[in-house]
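Okay, so here's the structure we're looking at.
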Amino acid sequence: MKTNDIHDTMKTLAVIAVSDGGIRLGRKLVGLLHADENLSCELVSTRTADGVTTVPSLAAFVRDTFNFHDGFVFIGALGICVRTIAPLLVDKGSDPAVVNCDEQGAFVQPVLSGHKGGANDLALRLSRLLGAQAVMTTSSDVQGLWPLDVLGREEGWSTEFVPSVEGESMTTAMASFVNHRPTVLLLEQRDSVTDYLECTLPSFVRVAYRYEDIDFDACSLLLAVTPRLYTPPVQSVFYRPGVLMVGLGSERDIDPDLFCRSFVHAFTASGFSTASIKAFGTVDFKLNEKAFIALSTELSVPLQGFLPEQLNGVKVPNPSEVVFRKTGLHSVSEASTALLSGGEEWLVEKQKMALPTAGEAGPRHYTFAVSIERSAVCAGRIAIVGAGPGDPELVTVKGKRYLEAADLILYAGSLVPEKLTHYAKPGALVRSSASLSLEDQFALMDGFYRQGKFIVRLHTGDPSIYGAIQEQMAHFDTEEMEYEIVPGVSSFQAAAAVLRSQFTVPEEVQTIILTRGAGRTPVPEKEKLSELARSRATMCIYLSAEWSDEVQSELLQHYPPTTPVAVCYRLTWDDEQVWRGELSSMSDLVHQSGKTRTVLLVVGDAIGARVNRSKLYDPSFPHGFREANGS
């Protein structure tokens, strides 16, 4: 799950300095925060000094601007901060974030609106900038529990509390949670936050994937991530992700007010929350329909139009011959929904609704249909994950999280250290692909996928570099299987680290070439090593140690014989070895090593270079975050 940064919720910040020491620290903070282009930061004091907005009274300034600033940072005694803001407090839903910091910048403490206002995030940000200790006091933060009142905010979730008896509130729900009362987490959709929740379940929380599977007799609190409407017998917090796609069709010029009221009633009657609507869709020539514009505005949901040929390209369950005779379209609402969601499955097929009209004229009609965004469906999914060069600690944070959550880990056993699979959860199946044909791999993955399981296909390095994933993606595309690619650290990056080198050198080498020599697999004529060598770039050559004589011969056509080279074997593995020398002896180094597999050959003057300074941090070189200083 992403960590909120202060610019997600905060646009204006006032730093309140009580003393000269506070002004010095405030200047430092304002300067450090200047890099955040989305944040306007002002240093305020009753004292006069450079860079300070001087005011007669700090209490009056805070009172007059309390509802205009998103956050306040008080530098000084905590008591001064508390006495200043106490008369101004209204409620946690509207009060701004307030943080207090001592004059030495040793401790940073959220004082007000820790979660909703963003004070906790602000305190953590300031503590990192100052090297200070963040003092967190909210129970969920102290225990490392989920902050229920802002959960999913970074993914746009909205939150609804539903009491089961009078007197319950969001406060009682959070109290139940931090006191470890039996809790059920209902997941009826998925995104990065739900992945995070599954990986960080507290011991007192159980997961359900269907509402009907919940044992409410053993549950004190329900946390439900769902677009559906339920009436549970326990206090509940509903999280509404924006995952529903709604297609709209109508007769011309229907009444906007009647339509909006009717739609909201009909939509909720179908069992779904309007808070989970992500987009409306219709045919392009209905984008000016006043009723549709009114609904889009009322619910703050965008309205998207589709061309008639796009709509007619969708196979729908309820085509209309009447609509086709009038407009040439077989469907508007169902087809729009399918195009928005990325799949031809409907939670609610076309509903035809009547709007009353005055006089003898018959009712006017509109239609709607509902689908869920394809990527949000709780179904089987596949992640092609880059394992990194070998060291299990060099897998990405996301890759590690996926390994911990996977039901099946299929890894390239001859290229990926078995240690990486130790991240697997209990009960997960771990299988090496070394002895499996591609068809065998597909059969194994397909079986797990059809059961709604999560599969990690673990590839060495970065999957996009000689990863042999193209044929797998072709299969997934053909079978309409959901998948994603998680990048990994490549061996060429590990080589730079092991060789303590920067592979681009200012004014000398600005290009890195990743390639392979022509062995059993031919390369295009224009990509022969002798052609690529003309640039004398830093060249990282994969899968070619077996033909090191030919590789050296081709490179010597353009690189000087004294060009530095490195023969790198199983970089970052426990048995890593590196041989360094010059290009004229590269083949000898390979033969000396006795290695031909999992070898990377690196060639170029960048190896070990310590010449030429970058302009980026040159004091005489200005850029968007710093003015030139000096000659």
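Numbering of residues begins at 1 and proceeds along the displayed sequence.
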Rounded to the nearest 0.5 Å, what separates atom [atom1] in [X] from atom [atom2] in [Y]?
X    : Y    : atom1 : atom2 : answer
L601 : F492 : CG    : CZ    : 15.5 Å
L444 : L408 : CG    : CG    : 5.0 Å
L43  : K28  : CG    : NZ    : 14.5 Å
M245 : Q304 : CE    : CD    : 8.5 Å
D70  : S113 : CG    : OG    : 11.0 Å
L529 : W547 : CG    : CH2   : 12.0 Å

With the threshold set at 4.0 Å, does a side-chain nitrogen-carboxylate oxygen contact exist between [X] and [Y]?
X    : Y    : result
R450 : E479 : yes
K425 : D407 : yes
R570 : D575 : yes
E373 : K278 : yes

Assess, by modelled atom type and distance only, whether the side chains of [X] and [Y] contain a donor and an acceptor separated by less than 3.5 Å.
X    : Y    : answer
S127 : Q133 : no
H558 : E531 : no
E546 : T596 : no
D141 : T138 : yes
E418 : H422 : yes
T200 : W146 : yes
S433 : R457 : yes
D549 : H591 : yes

Side chain to side chain, [X] and [Y], heavy atoms closer than 4.5 Å:
X    : Y    : result
I455 : I409 : no
L556 : P561 : yes
L29  : L130 : yes
F503 : Q493 : no
L532 : M539 : yes
R431 : L436 : yes
I384 : L458 : no
W573 : P417 : yes

Flag, side chain of [X] to backbone of [Y], donor-acceptor distance under 3.5 Å:
X    : Y    : result
Y239 : L148 : yes
T194 : D191 : yes
N120 : A123 : no
T562 : P560 : no
Q552 : S584 : yes
H115 : D149 : no
Y423 : E404 : no
T421 : V430 : no
Q502 : T504 : yes
D102 : F107 : yes

Tell me the closest heavy-atom pair linking [X] and [Y], and the distance in Å.
X    : Y    : value
P389 : L394 : CG-CD1, 3.8 Å
P463 : I469 : O-CD1, 3.7 Å
A106 : A132 : O-CB, 3.4 Å
E345 : S371 : O-OG, 2.7 Å
S491 : L600 : O-CD2, 3.7 Å
T137 : Q109 : CG2-NE2, 4.0 Å

Next item on the list: Using side chain to side chain donor-acceptor pair (under 3.5 Å) as the criterion, point out the one residue from K398, E155, R401 that pairs with S192.
Entry: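 With S192 as partner, K398, E155, R401 yield a single side chain to side chain donor-acceptor pair (under 3.5 Å), made by E155.
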Next item on the list: Show the numbers, then the answer: is there a side chain to side chain contact (heavy atoms under 4.5 Å, CB included) between C568 and V599?
Entry: CA-CA 5 Å; C568 306; V599 172; 6.0 Å; no
Notebook entry, point to check: What ring pair (Phe, Tyr, Trp, His ring centres under 6.0 Å) pairs are there with at least one residue in residues 507-542, not counting sequence neighbours?
Noted result: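 Residue pairs passing ring pair (Phe, Tyr, Trp, His ring centres under 6.0 Å), neighbours aside: Y466-Y542.
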Whether over 12 other heavy atoms sit under 6.0 Å from [X] [atom1]:
X    : atom1 : value
F448 : CZ    : yes
Q510 : CD    : yes
E393 : CD    : no

Next item on the list: Check the pair S341 / I372 against side chain to side chain contact (heavy atoms under 4.5 Å, CB included), numbers first and verdict last.
Entry: CA-CA 6 Å; S341 66; I372 188 169; over 6 Å; no
Check: What's the verdict on side chain to side chain contact (heavy atoms under 4.5 Å, CB included) for E154 and V193, showing C-alpha distance, side-chain angles and the deciding distance?
Finding: CA-CA 9 Å; E154 66 272 24; V193 182; 3.8 Å; yes
Check: side chain to side chain contact (heavy atoms under 4.5 Å, CB included) between I607 and T563: does it pass, once the steps are laid out?
Finding: CA-CA 9 Å; I607 297 175; T563 302; over 6 Å; no
Side-chain donor-acceptor distances from residues 480-489 under 3.5 Å, at least two apart:
residue : atom : partner : partner atom : Å
E482    : OE2  : R374    : NE           : 2.6
Y483    : OH   : D477    : OD1          : 3.0
E484    : OE1  : Y402    : OH           : 3.4
E484    : OE2  : Y402    : OH           : 2.8

Checklist line | Step-by-step side-chain hydrogen bond (donor to acceptor under 3.5 Å, both in side chains) determination, Q470 to H475 | finding: CA-CA 9 Å; Q470 182 172 280; H475 173 77; over 6 Å; no
Check: In terms of the angle between their ring planes, are Y569 and W579 parallel, tilted or perpendicular, with boundaries placed at 30° and 60°?
Finding: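 Aromatic pair Y569/W579 classed tilted.
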Checklist line | Within residues 435-448 or reaching into it, pairs that qualify as salt bridge (charged side-chain N to carboxylate O under 4.0 Å, His left out) - sequence neighbours excluded | finding: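 Pairs touching residues 435-448 that pass the test: none.
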